[in-house]
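What follows is a short report on a single structure.
Quick note: numbers below take in every heavy atom, side chains included, and nothing from hydrogens, waters or symmetry partners. Lettering of chains follows the sequences in order, A, B, ..., and the numbering in each one begins at 1.
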Amino acid sequence: MELLVAIIIGVLVASGIYLCLRARTFPVVMGLTLLSYGVNVFLFSTGGLKINEVAVVGKSADPTDPLPQALVLTAIVIGFAMTAFLVVLALRSQGEQHSDHVDGKQDDGGHQ
Amino acid sequence: MNLAFVVMLPFLGAFLPPLVEKVSANRTLLALGAGLLPATALALLYNPARQVFAGETLRTTLDWVPSLDLSLAFRLDGLALLFAILVLGIGLLIILYARYYLSAKEKAGRFYAYLLLFMGAMLGVVTSDNLLLLVVFWELTSLSSFLLIGFWSHQTGARKGARMAMTVTGMGGLALLAGVLLIGDVVGSFSLQTVLENGDLIRASQWYPLILCLVLLGVFTKSAQFPFHFWLPHAMAAPTPVSAYLHSATMVKAGVFLLARLYPALAGTDLWFELVSLAGMLTLLWGAFVALFQHDLKGLLAYSTISHLGLITLLFGLNSEMAAVAAVFHIINHATFKASLFMAAGIIDHETGTRDMRRINGLWKYMPYTAVLAMVASAAMAGVPLLNGFLSKEMFFAETLGSHQLGALSWILPVGATLGGVFSVAYSARFIHDVFFNGEPVNLPKYPPHEPPRYMKVPVEILVALCVAVGVFPAITVAGLLAVAATATLGGNLPDYHLSIWHGFNLPLLMSFVATAGGVLVYTQRRRLFAWWARLPEIDAKLVFEGRVQALGRAMAAITERFQNGSLQSYVAWLVTLVAVVMLTQLGRLPLPSLQQALDGDMLPMDGVAIFCTAMLVAGALLTTFLHRHRMTSIMSLSVVGLMVSLLSVRFSAPDLALTQLSVEVVTMLLLMLAMYFLPVRTRAESSSIRVVRDVAVALICGVGVGGLAFLVMTGDGASISPFFLENSKPGGGGTNVVNVILVDFRGFDTFGEITVLGIAAMGIYALIRDLHLASAKYDSLGRPWSRDAHPLILVTISRPLLPLALLIAVYIFLRGHNLPGGGFVAGLITSVALVLQYVASGVGWVHSRMPGDYHPVVALGVLLAGLTGVGSWVFGYPFLTSSFTYLYWPVVGKFEVATAMLFDTGVFLTVVGATLLILANLGKLSLLDDKKEGA
């Protein structure tokens with residue numbers, strides 16, 4: 001099972017980074033979302049994997065590690081805020097420079 | 001008398017001239033204002049000076065940065081006193097001289113301010129009792145001399161000369177700092193007293209060669225020693241009072257001052273002899289030789305200064321106590337005759353309008369008085385008997401004869417010294433004969449020249465009088481000062497010597513005779529020599545220097561541009577690659593099991609569902625990536641990924657995460673759809689195939705690396721601090737849901753920070769969206785128009801009854817959060833989703849007519865509430881965010897827990913709702929604007 005989670009993390013990170021390296025804003029936003037999934041799962045996995053051992057007092061004899069969960073929970077919400085910020089930055093860049101290139105390069109030739 | 005105060009006086013005085021200039025344009029008043037505080041400082045030194053003459057060393061210390069051993073420590077011993085008198089005394093004469101030199105048009109106030117700044121820095125250098133403080137003042141002299149040399153900033157020569165002086169001396173200052181730091185490391189203190197007392201420790205240290213080289217770099221750059229002498233002639237672009245000050249008594253003397261100051265700590269080794277005397281000898285000869293060929297009056301004096309500094313350096317390098325005495329003596333003598341010569345040159349420049357000795361001839365007829373003064377001073381420079389230069393030169397010759405450190409080659413020193421003397425006499429003769437005799441002036445810009453204003457000559461008169469007085473009556477004029485200064489230099493042991501003008505017929509006198517006769521002979525052959533010199537290829541140090549500096553700048557710019565090319569895309573690539581490299585190279589240092597151990601260890605068994613879900617997730621991620629230009633498909637696959645991640649949380653005992661992920665998923669998808677609406681319909685294929693291959697490689701390396709790291713971490717022993725939270729959750733935080741208790745109680749401060757970030761991000765987004773106008777595409781990439789049915793009836797019908805239900809669930813999730821999966825974050829997200837659904841189904845207008853549409857107060861209220869909950873603990877005398885709880889019995893519901901943490905969680909709830917709606921509602925409104933524009 002650990003191997004599966006490791007594969008998941010690897011795939012999420014690899015595809016996230018590939019998309020982040022693209023030149024247009026939309027794939028970069030997508031890539032960042034994937035990357036934050038990957039990072040969240042990675043952080044979550046550092047506590048070790050346990051099945052049916054919820055970290056609620058009295059519900060489990062050997063509860064899972066609650067600390068990474070608490071960290072990841074806020075990370076998810078902040079990740080959303082950052083994605084939103086990036087989206088709006090992309091829109092602003094589009095509005096100001098009329099280009100969705102991350103470096104603000106103008107499109108040559110035909111229009112959209 | 002507090003020494004620190006005396007040192008500060010010139011700095012304070014720097015404020016006066018600009019103030020006086022505002023009140024009055026009277027130049028005399030201005031000069032008086034400038035001279036007031038240095039004169040006070042000089043007067044205040046009278047009593048301390050008597051103590052110093054009585055053999056005391058005055059010291060005063062104010063702590064500055066004690067942890068760095070940096071203190072405002074000043075000392076006044078003989079050496080410091082000598083230099084303080086030179087700096088302040090000649091400084092005052094310069095101020096008087098500048099009163100007449102500067103024209104009425106020039107900004108004299110600023111000039112005096114710079115001069116006083118420099119004077120203060122110089123005074124600080126010579127009186128520092130802490131090496132770090134000395135370096136600070138040292139750099140201050142470099143900075144203020146930059147301002148002085150570049151005072152005529154409209155001239156390109158002044159700007160370049162100033163820049164060169166600052167670059168060279170500033171670099172030397174950095175080397176000096178490094179040397180001083182090493183000294184402090186060896187001795188264990190930066191206190192000058194301690195350093196001087198521990199000379200043996202330094203000389204025995206393995207760092208001694210490095211220390212010596214670094215300190216000498218500072219000295220040689222400052223004192224214009226070969227091969228760093230080239231900046232000094234170019235500093236002649238300064239106004240003449242500045243040259244007279246910087247190149248006689250101060251700036252360049254700072255270098256030889258440091259040689260004298262650190263003499264007990266650094267001198268006495270073979271390395272010292274080799275480095276210092278070699279540099280001194282080369283400088284002495286080269287400066288004297290080149291001085292002869294200068295047609296510019298100040299150029300001649302500049303190279304002569306280089307040569308005399310070489311002489312002083314050579315004396316210090318000889319490792320003999322008597323030579324050090326001679327060096328200190330020559331410092332005094334050179335300061336007096338060279339300052340007067342520069343001033344005389346300035347007078348001639350002032351009265352004739354040129355400094356070219358090929359044009360200035362026969363001035364004897366026009367300004368006999370000035371001529372006498374200048375001739376006496378240059379005779380002192382040449383070392384003519386009955387003048388001060390003669391005395392120290394004789395001592396110098398005697399010392400070169402007495403040095404046997406070169407063994408069989410010891411004759412080189414006296415021969416070199418005599419040769420230097422020959423050229424010194426020759427250029428002095430040229431200064432006298434070319435300028436005041438040698439026929440008639442040629443085509444002077446100002447004709448006929450006449451004597452300068454009366455008081456402009458006073459500083460020259462005083463200095464020339466000193467040259468004569470010291471030359472004739474050394475024992476009653478200078479002997480006392482020289483003795484205390486030399487004692488301080490040597491650290492206590494003064495050799496037996498006698499200052500007198502006649503030592504009988506001896507070898508040094510013969511050398512002087514040879515030098516004088518040879519010098520006159522060389523001068524008579526000058527036309528042939530000049531012709532030979534003129535045929536030599538000309539090397540302008542300024543051009544070479546500027547060229548090198550600019551080449552360096554270009555090289556650095558090229559390197560910078562290679563990385564900082566303005567492309568965010570390549571920055572990200574560099575960043576990721578760098579992180580990957582660090583990760584791969586440092587992985588072995590982490591306390592992780594090896595891959596083999598990890599594979600052999602215990603693992604949870606796989607099952608079909610898990611494999612299926614993993615396959616779904618991987619497929620979703622890959623689809624998102626490969627189809628990123630088909631945006632709708634890409635977003636759909638992304639949502640599959642998000643869903644699978646939530647399921648993963650469910651599977652591995654993290655219901656809180658699953659709830660959060662699921663609700664964030666909904667708002668994220670809405671966000672991406674909105675973004676898609678405004679961004680260009682088609683994502684252009686941008687990347688070259690090389691770039692794709694490179695990016696795939698980087699991505700794969702990172703993916704494999706992070707995945708592998710995660711695998712090793714998961715199978716590691718996993719020692720954790722979490723048992724503490726599990727044990728104390730109920731007794732300490734009053735809740736059984738440990739994740740929530742960590743969020744609102746144990747790590748409440750983190751959470752507080754995080755909701756603040758959330759609030760800031762929301763506000764930033766709000767600010768970015770304001771005044772943003774975007775045109776959305778009317779058709780999708782396949783040419784289909786957007787649906788006309790903006791608010792489908794079915795969606796509207798279903799969404800409205802869902803709202804109260806969703807809100808009820810949110811309240812439930814919120815209340816149970818402390819004990820069961822849920823809490824402020826999840827409840828906030830559920831509420832947001834319920835409200836956003838209304839926006840989507842019924843439109844912004846519909847929602848805003850029923851509830852307020854401003855969400856920033858909600859965000860602020862949330863952060864404020866969470867903060868106030870924390871502050872509340874202070875009222876009861878507990879640390880920030882200490883939580884307290886109790887149990888209440890509610891009718892019907894029964895036993896119910898109330899904790900202050902719930903108040904905090906309410907703050908979290910409000911921030912999440914506010915931020916999410918602020919983001920989505922404002923983005924949504926953009927489309928509304930767009931529609932309106934369309935309608936209008």
Residue pair A:Phe85 / B:Ile919, side-chain heavy-atom distance below 4.5 Å: no
Output the distance between atom CG (A:Leu3) and atom CG (B:Leu604), rounded to the nearest 0.5 Å. 12.0 Å
Run the side-chain contact (heavy atoms from CB on, under 4.5 Å) check on B:Arg651 and A:Met1 step by step: do they pass? CA-CA 11 Å; B:Arg651 187 71 195 269; A:Met1 206 68 111; 3.9 Å; yes
Interface check, chain A: of B:Thr624, B:Val908, B:Val704, most non-hydrogen pairs under 4.5 Å belong to B:Thr624
Nearest 0.5 Å please: distance from the CG atom of A:Leu49 over to the CE atom of B:Met603. 11.0 Å
Options A:Gly48, A:Ala90, A:Ala70, A:Gly95, ranked by heavy-atom pairs under 4.5 Å with chain B, top entry: A:Ala70
Check whether any side-chain heavy atom of B:Val572 lies under 4.5 Å from a side-chain heavy atom of A:Ile17, and answer yes or no. no
Taking every heavy atom of A:Val88 against every heavy atom of B:Ile769, the minimum-distance pair comes out as CG1-CG1, 3.5 Å
What part of B:Ala675 gets within 4.5 angstrom of chain A, counting heavy atoms only: side chain, backbone, both, or neither? both
With a 4.5 angstrom heavy-atom cut-off, is it the side chain or the backbone of B:Ala915 that approaches chain A, or both, or neither? neither
Between A:Ala6 and B:Phe711, what is the shortest heavy-atom contact and its length? CB-CB, 3.7 Å
To the closest 0.5 Å, what do you measure between OG1 (B:Thr625) and CE (A:Met30)? 8.5 Å
Does A:Tyr18 reach the side chain of B:Val692, with side-chain heavy atoms less than 4.5 Å apart? yes
Where on B:Ala767 is there a heavy atom nearer than 4.5 Å to chain A: the side chain, the backbone, both, or neither? backbone
Hey, what do you get for CG (A:Leu34) to OG (B:Ser634), rounding to the nearest 0.5 Å? 8.0 Å
Quick check on B:Leu657 against chain A: is it the side chain, the backbone, both or neither that has a heavy atom closer than 4.5 Å? both
Please tell me if the side chains of A:Leu91 and B:Leu923 come closer than 4.5 Å, counting only heavy atoms from C-beta onward. yes
Chain A contact via B:Leu726 - which portion, at a heavy-atom distance below 4.5 Å: both
What part of B:Arg694 gets closer than 4.5 Å to chain A, counting heavy atoms only: side chain, backbone, both or neither? neither
Assess whether side-chain contact (heavy atoms from CB on, under 4.5 Å) is satisfied between A:Leu73 and B:Leu743, documenting all intermediate values. CA-CA 9 Å; A:Leu73 201 153; B:Leu743 281 174; 3.9 Å; yes
For A:Val77 and B:Glu754: C-alpha separation, side-chain torsions, deciding distance, then whether side-chain contact (heavy atoms from CB on, under 4.5 Å) applies. CA-CA 9 Å; A:Val77 180; B:Glu754 274 152 343; over 6 Å; no
Does A:Arg22 reach the side chain of B:Asp695, with side-chain heavy atoms less than 4.5 Å apart? yes
Grab the two heavy atoms, one from A:Pro66 and one from B:Val738, that are nearest each other, plus how far apart they are. CG-CG1, 3.6 Å
For residues A:Leu71 and B:Arg747, determine if any side-chain heavy atom of one lies less than 4.5 Å from a side-chain heavy atom of the other. no
With A:Phe80 as partner, the option from B:Val912, B:Leu758, B:Leu829, B:Val667 fulfilling side chain to side chain contact (heavy atoms under 4.5 Å, CB included) is B:Val667
Measure the shortest side-chain to side-chain distance between B:His628 and A:Phe26 over non-hydrogen atoms and say whether it is less than 4.5 angstrom. no
Flag the one option from A:Ile9, A:Leu4, A:Val87, A:Thr64 with the top tally of heavy-atom pairs under 4.5 Å to chain B. A:Leu4
With chain A as the partner, which of B:Pro821, B:Gly705, B:Ala654 has the greatest number of non-hydrogen pairs under 4.5 Å? B:Ala654
Of the listed B:Ser570, B:Ser663, B:Ala710, the one with the largest count of heavy-atom pairs under 4.5 Å with chain A is B:Ala710
Contact winner vs chain B - A:Ala81, A:Ser45, A:Ala75, A:Gly31, heavy-atom pairs under 4.5 Å: A:Ser45
In short, A:Phe44 meets B:Phe652 closest at the heavy-atom pair CZ-O, 3.5 Å
Side chain from CB out, backbone as N, CA, C, O: work out which of these in B:Val706 comes under 4.5 Å of a heavy atom of chain A, or both, or neither. both
Could you tell me which portion of B:Val645 (side chain, backbone, both or neither) has an atom closer than 4.5 angstrom to a non-hydrogen atom of chain A? side chain
Hey, could you give me the CZ/CZ distance between B:Arg631 and A:Arg24, rounded to the nearest 0.5 Å? 11.5 Å
Determine, stepwise, if the pair B:Met714 / A:Glu2 fulfils side-chain contact (heavy atoms from CB on, under 4.5 Å). CA-CA 7 Å; B:Met714 275 185 279; A:Glu2 277 83 351; 3.9 Å; yes
Drop me the distance from A:Leu67's CG to B:Phe724's CZ, to the nearest 0.5 angstrom. 11.5 Å
For each of A:Val54, A:Val56, A:Val72, tally heavy-atom pairs with chain B at distances under 4.5 Å, and name the one with the top tally. A:Val56
How far apart are the closest heavy atoms of B:Leu568 and A:Val102, and which atoms are they? CD1-O, 3.3 Å
Relative to chain A, which of B:Asn740, B:Leu712, B:Ile635 shows the most heavy atom pairs under 4.5 Å? B:Ile635
Could you tell me whether the side chain of A:Val11 reaches within less than 4.5 Å of the side chain of B:Leu617, counting heavy atoms only? no
Could you tell me which portion of B:Ser567 (side chain, backbone, both or neither) has an atom closer than 4.5 angstrom to a non-hydrogen atom of chain A? both
Counting only non-hydrogen atoms closer than 4.5 Å, does B:Ile721 touch chain A with its backbone (N, CA, C, O), its side chain (CB onward), both, or neither? side chain
Minimum-distance pair of heavy atoms, taken over all atoms of A:Gln69 and B:Ser653: NE2-O, 3.0 Å
